[in-house]
2 protein chains.
Amino acid sequence: MSKKITIYDLAQMLNVSPATVSRSLNNHHSISDATKKRILEKAEEVGYRTNKFAANLSNQKSNTIGVIVPRLNSYFMSTVLAGIEQVANEVGYNLIISQSLESEEKEKINAKTLLDSGVDALLVSLANDSKDYKHFEHFTTRKIPLLFFDRVIDLPHCPTILIDNLSAGYEAGKHLIEQGCTNLMHISGNLKRKLYEDRYKGFKNALLEHQLEINDYTLIETDLDPKNIQSVIETITGSPKKIDGIFVASDNYAANCIKELKKAGIRVPQDIKVVGFNNDPVSEIISPNLTTINYPGHKMGVLAGESIIAHLKGSINLQSTNTILLRHQLITRESSSN
Amino acid sequence: MSKKITIYDLAQMLNVSPATVSRSLNNHHSISDATKKRILEKAEEVGYRTNKFAANLSNQKSNTIGVIVPRLNSYFMSTVLAGIEQVANEVGYNLIISQSLESEEKEKINAKTLLDSGVDALLVSLANDSKDYKHFEHFTTRKIPLLFFDRVIDLPHCPTILIDNLSAGYEAGKHLIEQGCTNLMHISGNLKRKLYEDRYKGFKNALLEHQLEINDYTLIETDLDPKNIQSVIETITGSPKKIDGIFVASDNYAANCIKELKKAGIRVPQDIKVVGFNNDPVSEIISPNLTTINYPGHKMGVLAGESIIAHLKGSINLQSTNTILLRHQLITRESSSN
DNA sequence: AATTTTTGTGCAATCGGTTGCATTATTAAA
DNA sequence: TTTAATAATGCAACCGATTGCACAAAAATT
């Protein structure tokens with residue numbers, strides 16, 4: 001029981017060849033039903049378990065998908081991962097998940113490790129400070145499908161899944177303006193990442209469209225880590241013209257902003273209206289409830305998983321599809337009402 | 001470039017044997033430095049990448065650790081996973097993560113898949129409805145180390161990492177009593193899981209110690225999913241004796257309770273005091289801030305990872321250590337003040 | 001100079017499945 | 001009844017790295 005049983009053992013027990021055993025286990029058509037049954041039953045009886053290493057070596061594939069994310073402990077990311085895992089699991093794919101912790105260096109190492117581990121495909125959401133993408137070339141040259149989601153770059157033959165951040169930013173800005181705000185601010189994530197750049201661009205477009213002033217206080221670039229929120233609050237309160245509308249690139253950060261603003265005696269939404277991003281659960285917990293852009297993380301994960309698996313199974317060719325845009329949606333709540 | 005290079009290719013290029021190449025790549029002592037250098041350089045030059053399948057097959061190990069969790073998109077769990085990933089990554093281990101989605105059936109399948117995938121160790125947090133643990137026996141019989149965290153069971157030779165839920169529950173109860181509550185309620189998760197059972201037991205002990213009544217309203221068992229919170233709120237408001245203190249087994253659920261209680265016109269903490277569990281970020285966002293039990297998820301992950309890796313490297317023997325208890329801590333905030 | 005050690009490499013088996021091709025048994029067609 | 005077609009199974013090479021053992025060359029010892 002404790003020593004592992006191979007197809008050779010089974011073959012010997014049943015007086016057939018290992019080839020027949022292998023074919024039976026894989027339900028190959030050229031084996032008679034009787035033999036198959038006999039072999040399957042014996043395999044079950046003696047607790048045979050296939051050795052994936054050997055099978056992988058032979059098949060040159062692992063039924064494994066690699067995932068690299070900046071960090072896995074954010075509501076959004078864990079939701080995406082949950083989606084990916086769910087679809088992958090259903091069709092028998094395993095997920096090797098690693099985090100770059102926002103470091104390009106780690107991202108490179110992780111990519112290499114996953115390459116060596118023989119993942120059949122790679123899903124990536126980029127680290128904030130990744131600037132060089134050579135580490136992904138190994139995958140493309142080896143024709144290992146590579147898909148970017150959320151924090152994406154445009155690489156030849158690599159599809160991307162994301163939302164239309166440009167118009168999401170625009171809608172957020174426009175909404176604040178329609179609510180009567182005239183002195184707007186955007187608290188952004190790292191602008192090296194296109195999604196943040198786009199959100200800001202869209203936001204700025206809304207301002208431009210309404211001839212609102214754009215100045216030094218229109219944009220604050222942060223790492224979206226609530227730890228360093230104090231300086232941001234100071235910037236807000238220190239603005240010469242009173243800020244009356246803020247669009248924050250993450251709900252979590254927005255919630256913390258509201259909390260700190262309240263502490264500073266600033267009322268939300270009366271003094272400042274706030275719009276967040278993602279529709280995290282926290283947006284409905286914070287008081288006032290947070291107006292936000294719904295960003296369907298789970299759906300994104302499911303889609304990423306399904307796309308890559310469909311590609312692996314050969315049913316679609318992802319290389320040609322370049323960008324999949326998910327629908328987003330402004331959800332208005334108390335934090336921007338008047 | 002695009003076709004993969006093996007040690008045989010390298011051997012041929014350099015007129016040495018594959019064995020020498022292999023040994024060089026693994027920095028075996030019996031190879032001269034000159035040869036090693038020559039081989040390493042060539043390997044680098046031609047972009048050699050080791051084939052893990054072959055290496056794993058030969059070594060009978062994968063440098064991979066399997067993880068099964070109920071779901072990966074909860075703040076607590078994703079934090080634990082982040083901790084595990086971090087330490088595993090640092091020492092070159094990969095993590096295959098799968099979720100049971102609270103289903104015993106899926107947990108079984110996942111365990112099987114991970115066994116087949118040849119993980120060197122398995123870390124598990126159990127699904128709520130798991131009742132049968134035979135699927136883990138394969139691991140123990142094959143001497144694959146198995147460690148449970150958070151939602152644990154006592155299996156021979158399997159260490160567990162958790163906090164002292166009994167005393168945490170007791171402290172939560174005692175705190176509410178000290179704040180003047182006399183009519184207490186506990187909103188629990190699935191009592192099949194020992195951690196929830198223990199939290200309730202501890203809580204009950206506090207009540208007993210202070211001669212407080214225990215009745216039908218003392219305990220509500222839920223799945224801790226905010227979706228079905230309404231019936232719980234109704235139970236609270238419908239209690240003949242007004243409930244004035246609630247201990248909730250998760251911060252997220254507690255936050256939602258507070259939100260709904262406020263909607264129902266019940267003031268927290270004036271009418272009802274609330275204590276949560278986990279010290280999620282949401283506990284500091286909700287107003288009033290939530291008194292809670294700090295449960296160090298990241299630390300738990302790090303510890304789980306470190307333990308299992310130390311065991312794999314042979315530096316410690318986990319089989320003998322049976323339980324690792326992490327320190328928890330009551331954090332008092334507004335939701336239970338008076 | 002002869003012998004023993006030490007060092008550095010190679011041979012070949014092994015890990016456990018997979019699969020193209022050959023072979024035999026069986027059934028259908030002529 | 002003979003021949004062609006079909007079905008079922010086995011042989012043996014292959015996937016790519018690892019490693020015990022043998023062996024030759026170089027260094028150390030007597």
Side-chain angles (χ1 to χ4, degrees), chain A residues 2-40 42-43 46-64 92 113 115-120 142 144, chain B residues 2-40 42-43 46-64 92 113 115-120 142 144:
Chain A
S2 80
K3 54 179 53 176
K4 50 235 155 257
I5 287 162
T6 72
I7 55 167
Y8 296 94
D9 300 325
L10 280 176
Q12 205 166 9
M13 295 179 201
L14 297 166
N15 268 318
V16 293
S17 75
T20 303
V21 175
S22 172
R23 291 195 175 98
S24 294
L25 294 169
N26 291 311
N27 199 26
H28 193 281
H29 65 272
S30 74
I31 302 292
S32 75
D33 290 345
T35 317
K36 264 183 207 166
K37 185 155 172 270
R38 211 158 60 91
I39 291 175
L40 265 331
K42 193 68 177 180
V46 300
Y48 167 82
R49 309 259 72 205
T50 178
N51 181 322
K52 285 261 176 84
F53 302 151
N56 289 346
L57 175 57
S58 195
N59 293 326
Q60 302 289 351
K61 59 176 301 234
S62 62
N63 265 262
T64 292
T113 312
L115 181 67
D116 286 347
S117 301
V119 295
D120 295 339
R142 277 160 216 241
I144 298 172
Chain B
S2 79
K3 53 178 56 175
K4 50 235 154 261
I5 288 161
T6 72
I7 55 168
Y8 296 94
D9 300 326
L10 280 176
Q12 204 166 12
M13 295 180 201
L14 297 166
N15 269 317
V16 292
S17 75
T20 303
V21 175
S22 172
R23 291 196 176 98
S24 295
L25 293 170
N26 290 310
N27 199 25
H28 194 280
H29 65 271
S30 74
I31 302 290
S32 75
D33 290 345
T35 321
K36 263 183 207 166
K37 184 155 173 268
R38 211 158 61 91
I39 292 175
L40 266 332
K42 194 68 177 178
V46 300
Y48 167 82
R49 308 258 73 204
T50 179
N51 182 322
K52 284 261 176 84
F53 302 150
N56 290 345
L57 175 59
S58 197
N59 293 326
Q60 302 289 352
K61 61 176 300 233
S62 63
N63 266 262
T64 292
T113 312
L115 180 67
D116 286 347
S117 300
V119 295
D120 296 339
R142 276 159 215 241
I144 298 172

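To find a chain, count down the sequence lines: A is the first, B the second, and so on, and within it residues start at 1.
Per the geometry, CG belonging to B/Asn27 stands 13 Å off P belonging to C/dG8, to the nearest Å. What separates CG of B/Leu14 from P of C/dT9 is a distance of 12 Å, to the nearest Å. Between A/Leu57 atom CG and C/dC15 atom C1' there is a gap of 9 Å when expressed in whole angstrom units. The distance between atom NZ of A/Lys4 and atom P of C/dG16, rounded to the nearest whole Å, is 7 Å. Per the geometry, CD1 belonging to B/Ile7 stands 14 Å off C1' belonging to C/dC15, to the nearest Å. Here the P atom of nucleotide C/dG16 and the CG atom of B/Asn56 are 13 Å apart, to the nearest Å. Atom NE2 in B/His29 sits about 11 Å away from atom C1' in C/dT6, given to the nearest Å. Between the P atom of C/dT19 and the CG atom of A/Asn26 lies a distance of 7 Å, rounded to the nearest Å.
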Would you give me the side-chain donor-acceptor pairs under 3.5 Å for residues 11-22 of chain A, sequence neighbours excluded?
from: A/Ser17; atom 1: OG; to: A/Ala19; atom 2: N; distance (Å): 3.4
from: A/Ser17; atom 1: OG; to: A/Thr20; atom 2: N; distance (Å): 3.2
from: A/Ser17; atom 1: OG; to: A/Thr20; atom 2: OG1; distance (Å): 3.1

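A sub-4.0 Å separation between OP1 or OP2 of C/dT9 and a side-chain N or O of B/Ser32 is present. Using a 4.0 Å cut-off, no side-chain N or O of A/Tyr8 falls inside it from OP1 or OP2 of C/dT18. Listed pair B/Asn15 / C/dG10 fails the phosphate criterion, with no side-chain N or O lying under 4.0 Å from OP1 or OP2. Side-chain N/O atoms of B/Thr35 include one lying less than 4.0 angstrom from OP1 or OP2 on C/dT9. OP1 or OP2 of C/dG16 lies within a sub-4.0 Å distance of a side-chain N or O belonging to B/Gln60.
Shown here are the side chain to side chain contact (heavy atoms under 4.5 Å, CB included) partners of B/Ile144, two or more places apart in sequence or in another chain: B/Leu115, B/Phe139, B/Arg142. With sequence neighbours excluded, no residue forms a side-chain hydrogen bond (donor to acceptor under 3.5 Å, both in side chains) with B/Thr50. Residues forming a side chain to side chain contact (heavy atoms under 4.5 Å, CB included) with B/Ala55 (at least two apart in sequence, or on another chain): B/Asn59. B/Asp9 meets the salt bridge (Lys or Arg N to Asp or Glu O under 4.0 Å) test with no other residue; sequence neighbours excluded. Every residue was checked against the side-chain hydrogen bond (donor to acceptor under 3.5 Å, both in side chains) condition with A/Asn63, not counting sequence neighbours, and none meets it. A/Ser58 pairs by the side-chain hydrogen bond (donor to acceptor under 3.5 Å, both in side chains) definition with nothing, not counting sequence neighbours. In this structure A/Asp116 satisfies the side-chain hydrogen bond (donor to acceptor under 3.5 Å, both in side chains) test together with B/Arg49, sequence neighbours excluded.
Scanning residues 17-24 of chain A for heavy-atom distances under 4.0 Å to DNA chain D yields A/Ser17, A/Ala19, A/Thr20, A/Arg23.
Across all their heavy atoms, A/Leu40 and A/Ser24 have their closest contact at CD2-O, 3.9 Å.
Five base pairs at each end of the helix from C/dA1-D/dT30 to C/dA30-D/dT1 define two local axes, and these are offset by 40° (rounded to 10°).
For the atom pair A/Ile31 CD1 and A/Ile39 CD1, the distance stands at 6.5 Å (nearest 0.5 Å).
Side-chain contact of B/Ser62 with B/Asn56: a donor-acceptor pair under 3.5 Å is absent, judged by distance alone.
Under the salt bridge (Lys or Arg N to Asp or Glu O under 4.0 Å) criterion, the residue pairs touching residues 13-37 of chain B are B/Lys37-B/Glu41, with sequence neighbours excluded.
First and last contacting nucleotides of DNA chain D toward chain A (any atom under 4.0 angstrom from a heavy atom, 5' to 3' order): D/dA8 to D/dG16.
Each of B/Ser58 and A/Lys36 was matched to the nucleotide of DNA chain D holding its nearest heavy atom; the match closer to the 5' end belongs to A/Lys36.
Among the atoms of the strands shown, only primed sugar atoms or phosphate atoms (P, OP1, OP2) are found under 4.0 Å from some heavy atom of A/Thr6.
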